[in-house]
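The next block holds one structure in the form of structure tokens; read it before the comments.
Protein chains get the first letters and strands the later ones, always in sequence-line order, with residue 1 at the start of each.
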Amino acid sequence: MRVHELSHFRANVEAIADRLATRGFAFDVEQWKVLDTERRAAVTEAEQLKAQRNAQSMEIGKLKKAGADTTAVQAEVRAMGDRITELDAKVVAVDERFRDLLTAIPNLPHESVPTGASADDNAEIKRVGTPRTFDFEPKAHWDLGVDLGILDFERAAKITGARFAVYFGQGARLERALMNFMLDVHTRDHGYTEVFPPFLVNSASLFGTGNLPKFGADLFKIENSDYWLAPTAEVPVTNLLRDETLEPEQLPIHFCSYTSCFRSEAGSHGRDVRGIIRQHQFQKVELVKFTTAETSYDEHEKLTQDAEDILERLGLPYRRMLLCTGDMGFSSAKTYDLEVWLPGQATYKEISSCSNFEAFQARRAGIRVRTGKGKSEYAHTINGSGLAVGRTWVAIVENYQQADGSVAVPAVLQPYLQAEVITKSGILR
RNA sequence: GGAGAGGUGGCCGAGUGGUUUAAGGCGCACGCUUGGAAAGCGUGUGUACUCGAAAGGGUACCGCGGGUUCGAAUCCCGCCUUCUCCGCCA
């Protein structure tokens with residue numbers, strides 16, 4: 001039951017429940033205690049009966065070898081088997097309820113996380129760069145991109161549906177340029193190893209990262225299979241090491257990965273309906289680290305800086321927020337959000353989320369570190385966007401727009417785009 | 001998609017219904033031996049759950065899930081996966 005190590009959980013139930021309450025999760029300690037007792041009683045009873053059966057079965061073997069008649073004993077043990085079947089069913093049922101209860105428990109917030117109920121209680125850690133002042137009215141990307149002929153929602157709706165987009169010409173190339181730029185920086189300058197995983201993952205992987213069983217509704221599932229469209233590279237990349245025990249000298253492991261990400265956006269109807277801020281498919285460069293418990297918070301800081309470095313090299317104003325207990329994701333112990341300035345909407349918008357999961361995912365996924373002779377402990381996992389490519393595309397277009405409707409290309413992207421400015425494409429319309 | 005062969009402990013590898021509480025080897029740890037080491041000898045060597053104050057027990061796990069049986073690594077069924085060949089295909 002690699003969920004929250006049981007003995008530790010049992011010994012600290014009250015304190016854990018208190019901590020969970022800070023993130024708005026009501027954990028019913030009394031109910032848990034009842035279930036725990038019930039489960040242990042069932043397990044113990046079944047195991048005792050099995051021990052008896054094993055012993056008597058062995059006796060039968062010996063008696064048969066000695067040529068004795070075993071009919072009577074066999075009947076007796078057979079009856080015992082029926083009882084065991086019954087007990088096993090009970091154990092499975094109680095165990096399942098118990099597991100459901102445990103797997104639904106979110107991670108505990110780190111002590112440095114501010115207590116709060118919603119995004120309003122998040123703490124701004126820093127602000128970098130100054131939003132540009134325009135001598136004209138800046139447009140939102142959904143107007144600018146469409147006017148430039150590089151972004152098309154109507155044809156996307158025709159071939160697929162709402163919340164999808166098609167990029168043309170320099171728009172498509174900007175997406176590709178950003179992906180290459182981000183991967184190049186992280187692999188060359190930040191020490192990450194590039195990974196290109198499948199975009200489809202199985203249920204076990206989604207359980208490992210904490211998406212299942214609770215959040216299946218946020219995902220797309222392939223019919224007649226156990227395949228799901230990955231909502232983020234975090235899922236395949238973290239699960240690369242599932243059920244593996246790592247040697248301490250292998251750590252830390254730094255992976256970066258470019259993937260498309262797919263989200264059903266169930267329950268987000270009406271939010272960010274315009275433009276490409278919230279799409280069913282978007283591209284993202286993800287940073288994933290595996291570390292020991294000792295270094296995970298240092299590595300979390302560094303990972304966040306690695307993501308910020310992309311924003312800085314692109315000259316995009318941003319701020320770093322520390323999420324409060326009530327606004328964090330299910331699996332996270334501490335999360336920084338990076339928010340980029342979008343002049344078309346005059347707001348800071350999330351473009352990266354960097355979290356330390358401590359051992360939460362490692363417990364669910366069975367990712368261990370050897371600590372000595374036959375001893376091991378769970379690794380810590382950390383990940384963050386570095387960055388969300390689609391939203392970076394938006395930020396470039398909106399921040400670097402010019403009065404004539406063209407977009408200046410930041411210096412670091414010019415080699416990738418082979419252009420200094422994005423101008424109107426006249427291919428369609 | 002079709003046919004065939006595999007999947008056993010950290011690794012190699014035996015094992016076709018009952019002293020297998022998984023042989024044997026390698027590796028690893030500890031001890032003896034040694035001036036020190038190697039060799040040699042000896043002992044130990046998984047995970048989870050559970051009973052117990054502890055010492056020490058018990059249960060489950062031989063790819064996964066079912067089934068047969070008093071008893072399954074071993075027999076039966078389904079699935080996953082690896083390799084080889086064929087077909088198809090970027």
Side-chain angles (χ1 to χ4, degrees), chain A residues 1-11 13 32-103 196-208 212 221-228 236 239-251 260 359 362-379:
Chain A
M1 182 142 323
R2 53 164 82 132
V3 181
H4 279 288
E5 279 135 298
L6 252 191
S7 54
H8 174 260
F9 188 87
R10 200 175 276 135
V13 160
W32 180 82
K33 282 184 174 171
V34 169
L35 210 51
D36 184 44
T37 307
E38 204 178 317
R39 174 181 160 275
R40 283 205 271 179
V43 167
T44 304
E45 194 182 346
E47 286 186 353
Q48 281 170 353
L49 215 56
K50 280 181 190 174
Q52 229 181 93
R53 177 179 64 180
N54 287 346
Q56 281 191 251
S57 287
M58 198 174 271
E59 273 309 304
I60 292 173
K62 281 182 187 162
L63 287 172
K64 279 200 162 178
K65 221 164 223 177
D69 174 54
T70 58
T71 322
V73 202
Q74 280 190 33
E76 194 185 315
V77 179
R78 170 180 255 292
M80 198 183 286
D82 293 342
R83 187 69 216 294
I84 287 173
T85 306
E86 226 172 276
L87 273 174
D88 271 348
K90 185 180 164 193
V91 169
V92 167
V94 179
D95 221 31
E96 220 162 78
R97 272 201 296 152
F98 190 72
R99 187 170 19 244
D100 287 350
L101 195 70
L102 284 187
T103 54
F196 191 73
F199 293 2
L200 271 60
V201 293
N202 58 32
S203 308
S205 294
L206 288 160
F207 179 84
L212 289 180
K221 182 160 193 205
I222 307 294
E223 258 189 299
N224 303 318
S225 77
D226 185 41
Y227 296 151
W228 307 66
N239 280 281
L240 286 174
L241 303 184
R242 188 171 77 228
D243 294 324
E244 292 193 30
T245 300
L246 308 165
E247 300 303 329
E249 55 274 15
Q250 287 178 268
L251 298 176
S260 290
R363 269 193 294 267
R364 295 169 75 104
I367 305 169
R368 297 160 193 277
V369 188
R370 203 174 302 287
T371 51
K373 41 213 178 278
K375 295 279 174 212
S376 67
E377 63 181 23
Y378 290 108

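Pair assignment for B/C88: none, as no Watson-Crick or G-U wobble contacts are both less than 3.5 Å. Under the Watson-Crick or G-U wobble criterion, with both distances below 3.5 Å, B/A60 is paired with B/U47. When Watson-Crick and G-U wobble pairs are counted only if both distances are under 3.5 Å, B/A5 pairs with B/U82. With both pairing distances under 3.5 Å, B/C75 is matched to B/G67 as a Watson-Crick or G-U wobble pair. Summarising the base pairing, B/A37 is matched to no nucleotide, lacking a Watson-Crick or G-U wobble pair whose two defining distances lie under 3.5 Å. Base-pair partner of B/C11: B/G25 (Watson-Crick or G-U wobble, both distances under 3.5 Å). For B/G42, the paired base is B/C30 (Watson-Crick or G-U wobble, both distances below 3.5 Å).
Rounded to whole Å, the P atom of B/U84 lies 42 Å from the corresponding atom of B/A38. One C1' atom belongs to B/C11, the other to B/G46, and the distance between them is 13 Å to the nearest Å. Comparing the same atom, C1', in B/C12 and in B/C62 gives a spacing of 15 Å after rounding to whole Å. Comparing the C1' positions of B/A55 and B/A60 gives an interatomic distance of 24 Å, to the nearest angstrom. Using atom C1' as the reference point in both B/C89 and B/G2, the two lie 16 Å apart (nearest Å). Atom C1' of B/A73 sits at a distance of 10 Å from the matching atom of B/U20, rounded to the whole Å. Comparing the P positions of B/U16 and B/U74 gives a spacing of 12 Å, expressed to the nearest Å. Across B/U21 and B/C26, the matching C1' atoms stand 23 Å from one another, rounded to whole Å.
Rounded to whole Å, atom C1' of B/A48 lies 17 Å from atom CZ of A/Arg364. Atoms CG (A/Leu63) and P (B/U19) sit 14 Å apart, rounded to a whole Å. Per the geometry, CZ belonging to A/Phe9 stands 16 Å off C1' belonging to B/C49, to the nearest Å. If you measure from atom CZ of A/Phe98 to atom C1' of B/A48, you get 14 Å, rounded to the nearest angstrom. Nucleotide B/G10 holds its P atom 15 Å from the CG atom of A/Leu246, rounded to whole Å. As a whole-Å value, the separation of A/Glu244 CD from B/G10 P is 13 Å.
When side chains are defined from C-beta on, A/Phe98 counts as touching A/Asp36, because their heavy atoms get closer than 4.5 Å. Annotation: side chain of A/Leu49 is not in contact with side chain of A/Arg53 (no heavy-atom distance under 4.5 Å). In this structure, A/Ile60 and A/Gln74 have side chains that are in contact, with non-hydrogen atoms separated by less than 4.5 Å. A/Arg364 is listed as a side-chain neighbour of A/Phe207, based on a closest heavy-atom distance under 4.5 Å.
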Mind listing the side-chain donor-acceptor pairs of residues 75-92 of chain A below 3.5 Å, one per line with the distance, residues two or more places apart or on another chain?
residue	atom	partner	partner atom	Å
A/Arg83	NH2	A/Glu45	OE2	3.2
A/Thr85	OG1	A/Gly81	O	2.9
A/Asp88	OD1	A/Lys50	NZ	3.2

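Residues passing the ring pair (Phe, Tyr, Trp, His ring centres under 6.0 Å) test with A/Phe196 are A/Phe199, sequence neighbours excluded.
Residue A/Lys62 is the one, among A/Lys62 and A/Thr44, whose nearest nucleotide of RNA chain B lies closer to the 5' end (criterion: closest heavy atom). Each of A/Glu47 and A/Glu59 was matched to the nucleotide of RNA chain B holding its nearest heavy atom; the match closer to the 5' end belongs to A/Glu59.
In terms of phosphate contacts, A/Arg368 brings no side-chain nitrogen or oxygen within less than 4.0 Å of OP1 or OP2 of B/U47.
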Along nucleotides 63-81 of chain B, 5' to 3', which nucleotides get a B, which get an S, and which get a -, given that the test is a protein heavy-atom distance under 4.0 Å? ------SBS----------

As a quick check of understanding, evaluate side chain to side chain donor-acceptor pair (under 3.5 Å) for A/Ser57 and A/Asn54, giving each step before the final call. CA-CA 5 Å; A/Ser57 287; A/Asn54 287 346; 5.6 Å; no

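In this structure, A/Asp226 contributes its side chain and A/Asn202 its backbone to no donor-acceptor pair below 3.5 Å.
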